[in-house]
Amino acid sequence: MKLRLKLILVLLLSGLLFLACSTKKDALVNRNWHALNTKYNVLYNGNIAFEEGREALNANYQDNYWEVLPIERLAIREEIILDSENKNPKFEIAEEKATKAIQKHSMDIKDEERNPQTDESFLLLGKTRYFEQRFLPALEAFNYILQKYPKSDKLNEAAIWREKVNIRLENDELAIKNLKRLFKYEVLKDQEYADARAMMAQAYINLTKIDTAVQQLKIAQAYTKVNTEKGRYLFIIGQLYNQLGHKDSANYAFDKVIDLNRKSPRELMINAHLQKIQNTPLTSANKIEVFEYLTALEEDRENRPFLDKIFRQIAEYHLWNEKDSLALAYFNKSLRVTQNKPQLNALNYENLGEYNFDKSAYKTAGAYYDSTLSNLPENTKKYRAIKKKLDNLEDVINYEEIVSYADSVMTVYSMPKGKQIAYFGAYIAKLKLADSLAAKKEIARQNKGIDAFSATKGGKQNKGKFYFYNIQSLGYGKTDFKTRWGDRVLEDNWRWANKSKSTLGTDDAIAENTTSSATENSEDLKYSIAFYLDQVPTDVRVIDSLKTERNLANYQLGLIYKEKFKENLIAAGKLESVLKGNPEERLILPSKYNLFKIYEASGSPLTTQMKEDIITNHPDSRYAVILLNPEAVLEGDADSPDAKYAQLYKQFTNQEFLSVITNAEENINMYTGDPIVPKFELLKANAIGRIQGFTAFEEALNYVALNYPNNPEGKKAKEIIADQLPKLAVKDFAEANLAKKSEQWKLIFPFKMTEDQKVGALKQVVEKAIKELKYLNTASIDVYNLENQFLVIHGFRSEDFALGFAELLKNNKEYQVNKENFVILSANYKIIQIHKNLQAYKNRVVTPKP
């Protein structure tokens, strides 16, 4: 009986459970069953996964405190996110749970949802998609709630999230319009009201309506119950006030952030402190107070994770206080403790670069600027500015080294013999002292390690035993060997400088032994006065060459400092050095004119003197014309550099290559230092290549690349050298491939360069024949070299076709062209034009046709 009762009870419960599982029956049991299952099972687990995913995003997010913080901490990825992509596994779980709740527990009966938890499932689905940055699918989920569930208690929350999506999609004005409607027609909870106002503030920030954004954030921070949000909103208010130039109001907001103390993230509080200091003008009256303030921040143990920013602020304080060594020390301290903060690193490296540049330590400054670039994102305004500065600095370093070397050599050259000996003697004494200190330091380091090992158990056990087991003896032995022999590779015949000695005969062995001795004694040469005296030039021509190089380098430095760094004082010094150094004629006038412009800009009394000098001593120059009548030389004038370049380029296209080379050289000398000079140089290089061939072209390109490395033309020359020259270097002639129907042949009639009339007349005859005989070929006159030119008939499908056309021209009584000619494959014609090796082509051994 009891068994039967149990069976009936089980069947009854199973039936009720089966009936309750139905999503198509609108019954009390069904509704409650699906609501409870959704809320406390599927949706519960989905919400937990969502919060874990959101916490992971917050943990990995880094705020950029050098820009206005976003209202919401979410790093937007630039790549397109597909619906199938889930970057965060927690969000993937949350979306699966939300989808499961909708698919298995939604009770859409007669267009009405009977499960009160379904709207929350759609809300979770939308929020998950939002944080996965799949904004359009998220928008679809929020809109579904707003349209399908008019009685839902989640309508306001869904509306706010929808506007978040609109803001992410850059529909800021639409978001503001919808939020205003929400405020007007709906009653919001305090936290919902705070969230909506904060989102409206973000929209106004995006639209650069800063005043309105501040007002919205003030309301948001007053209504929010989350202290983390309150601190963030107050900090952003301070940043916005800084943008508006209201420093006092900004500091009031930062003070409120500081007052929250541990209620909001400590990073916000530290940055609020630093922002307050940056907003406080440093004076002699408050500098001690500010320093104590910074020191207190540095010494607080809780601030250790933020020492990178604190150190940087202290460095800026010392820089203002003209304590450069302390400033540099703190910039480097900041760099050492910074972890994964590229923008902070970039700022520190830039400060160090600027400092070294101001001190004329150009190499060091260049290294710091290079490190700055490695910490900046490409294609940003800041990156381009630093890159341009670094490129200019590379030129400065190069030219300064030329000047320094030339000055050093000429200084020693001008000394009497006795002073030269004393000079090098003092240098050698310093060198010996430095080497001695370095050797002692190395021995001390090794002994420290040896002593440390000797104090261990293993060291004590090996003491006094076989040499190689005695660590102290072994250490001294290594040091002595290194001092005597230097670094040697473990191999046979290790004492010999050249390992081929064993295969040499007696005479070669003696010579090799001499070389070995010289190599072994090369270390001693640096301590020999005679070694240095032998390197001092004695030929006056070498000194004159150094003077020429120095003057040109000083001139280029003057232009760089004047035009690119706006350092007129340094520029004037360099240009004045040029005029004092007995320069070439081509440097005198442009140096004077640039000095005139510098004097004029600074209001110097030397302006009039330099103007009169140019007008009096160079009356026929274009600079004198400009000074006498500035409106006489306008851009686009026939005598302007750009106009002359255009004329030369036209000559280049007309194959007047010799004229291009000659006139380009004249213009290069005339416009020395002008930005257009590299363009003339590259055009000249191309003309040289067309006339003289591959080797001369390569040399000319290398000259442009080496002398103008940071100009567009120099970079273009480097690209040609790297990419095109290897392809053009091929000199082997191709053999015709009968199977290739696409091969083209040319018929060539050679002429001397002096036979312009003859080649022109023959071209007219050929073009007449092509037209009358209905051929599809074309004809052109191509320069080969300085002595020869070709009449070229293009477009023959085979060698036989080309020979047939030549025969037709010769035998047809209307044309009777009895001129020497030859037929060549188009690929081979390209080779003879590049390498000027026509004779090699004619002398080649041709494989007979099958």
Side-chain angles (χ1 to χ4, degrees), residues 66 274 278 282 291 294 298 307-339 341-378 380-408 430 434 438 550 553-577 598 709-711:
W66 287 273
L274 299 178
Q278 291 169 14
L282 289 171
F291 181 68
L294 285 167
E298 179 186 3
L307 281 176
D308 47 5
K309 293 181 179 178
I310 295 171
F311 284 155
R312 172 173 171 75
Q313 194 61 50
I314 295 173
E316 290 184 332
Y317 168 83
H318 287 309
L319 206 59
W320 170 86
N321 206 27
E322 297 181 355
K323 293 183 178 179
D324 295 349
S325 58
L326 281 172
L328 297 180
Y330 272 99
F331 279 128
N332 283 301
K333 273 187 173 185
S334 178
L335 286 168
R336 283 195 293 272
V337 299
T338 302
Q339 292 184 354
K341 293 180 182 175
Q343 186 153 4
L344 180 59
N345 284 337
L347 291 169
N348 286 326
Y349 281 127
E350 185 181 5
N351 280 115
L352 290 167
E354 294 288 348
Y355 176 83
N356 283 281
F357 179 82
D358 291 340
K359 297 296 180 183
S360 300
Y362 302 114
K363 278 190 176 179
T364 308
Y368 281 125
Y369 286 137
D370 191 53
S371 297
T372 304
L373 289 180
S374 66
N375 284 279
L376 288 173
E378 292 187 29
T380 60
K381 186 177 180 181
K382 185 72 172 177
Y383 182 94
R384 290 191 293 270
I386 297 294
K387 182 70 169 66
K388 185 177 180 181
K389 195 165 191 176
L390 179 60
D391 290 343
N392 294 333
L393 198 58
E394 287 176 356
D395 285 340
V396 170
I397 293 169
N398 180 41
Y399 290 128
E400 288 287 1
E401 285 180 346
I402 292 172
V403 172
S404 177
Y405 175 76
D407 284 340
S408 299
K430 289 181 181 178
R550 181 192 62 181
N554 271 327
Y555 176 76
Q556 296 289 359
L557 285 169
L559 294 186
I560 292 171
Y561 285 125
K562 172 179 174 282
E563 300 294 340
K564 297 179 179 179
F565 293 133
K566 309 303 179 185
E567 294 284 353
N568 283 347
L569 187 62
I570 302 176
K574 293 295 181 182
L575 294 171
E576 287 167 357
S577 297
I598 292 171
N710 295 316
N711 291 85

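The CD1 atom of Ile402 sits 8.5 Å away from the CG atom of Leu557 when rounded to the nearest 0.5 Å. Here the straight-line distance linking atom CG of Asn321 with atom CD of Glu316 works out to 13.5 Å at 0.5 Å rounding. Here the CD1-CG distance, from Ile598 to Leu569, works out to 9.0 Å after rounding to the nearest 0.5 Å. Rounding to the nearest 0.5 angstrom, the gap separating the CG atom in Asn332 from the CG atom in Leu352 is 5.5 Å. Atoms OG1 and CG, on Thr338 and Leu307 in that order, are 10.0 Å from each other to the nearest 0.5 Å. Going from atom CG of Leu335 over to atom CZ of Phe311 covers 11.5 Å, rounded to the nearest 0.5 Å.
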**Item:** Residues Leu319, Asp324; criterion side-chain contact (heavy atoms from CB on, under 4.5 Å); working and verdict
**Value:** CA-CA 6 Å; Leu319 206 59; Asp324 295 349; 4.2 Å; yes
**Request:** Take Lys564 and Val396, measure what side-chain contact (heavy atoms from CB on, under 4.5 Å) needs, and give me the verdict at the end.
**Result:** CA-CA 11 Å; Lys564 297 179 179 179; Val396 170; over 6 Å; no
**Item:** Test side-chain contact (heavy atoms from CB on, under 4.5 Å) applied to Arg312 and Phe331, step by step
**Value:** CA-CA 6 Å; Arg312 172 173 171 75; Phe331 279 128; 3.4 Å; yes
**Pair Asn345-Lys341, side-chain contact (heavy atoms from CB on, under 4.5 Å): steps then yes or no** = CA-CA 6 Å; Asn345 284 337; Lys341 293 180 182 175; 5.5 Å; no
**Item:** Worked check of salt bridge (Lys or Arg N to Asp or Glu O under 4.0 Å) between Lys363 and Glu400
**Value:** CA-CA 10 Å; Lys363 278 190 176 179; Glu400 288 287 1; over 6 Å; no
**Asked** Between Lys574 and Glu567, is a salt bridge (Lys or Arg N to Asp or Glu O under 4.0 Å) present by the stated rule, with each step listed?
**Response** CA-CA 11 Å; Lys574 293 295 181 182; Glu567 294 284 353; over 6 Å; no
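Using a 4.5 Å heavy-atom threshold, the side chains of Glu394 and Asn398 count as separate. Proximity of Leu373 to Tyr349: side-chain heavy atoms (C-beta onward) are nowhere separated by under 4.5 Å. Tyr330 has its side chain out of reach of Gln313: every pair of non-hydrogen atoms, C-beta onward, lies at least 4.5 Å apart. Annotation: side chain of Asn375 is not in contact with side chain of Gln343 (no heavy-atom distance under 4.5 Å). In this structure, the side chains of Phe565 and Lys389 come closer than 4.5 Å at one or more pairs of heavy atoms. Annotation: side chain of Thr372 is not in contact with side chain of Leu390 (no heavy-atom distance under 4.5 Å).
Contact detail for Asn554 and Ser577: the closest heavy-atom pair is ND2-CB, 4.0 Å. The two residues Lys382 and Leu376 make their nearest non-hydrogen contact at CG-CD1, 3.7 Å. In terms of heavy atoms, Ala553 sits closest to Val403 at CB-CG2, 3.7 Å. Here the closest non-hydrogen pair linking Gly558 and Ala571 is O-CB, 3.3 Å. The nearest pair of heavy atoms linking His318 to Ala327 is CB-N, 3.7 Å.
The backbone N or O of Ser371 sits less than 3.5 Å from a side-chain atom of Ser374, completing a donor-acceptor pair.
A donor atom on one side chain and an acceptor atom on the other are found under 3.5 Å apart for Asn348 and Ser334.
Residues Tyr362 and Phe357 place their aromatic rings such that the two centres sit under 6.0 Å apart.
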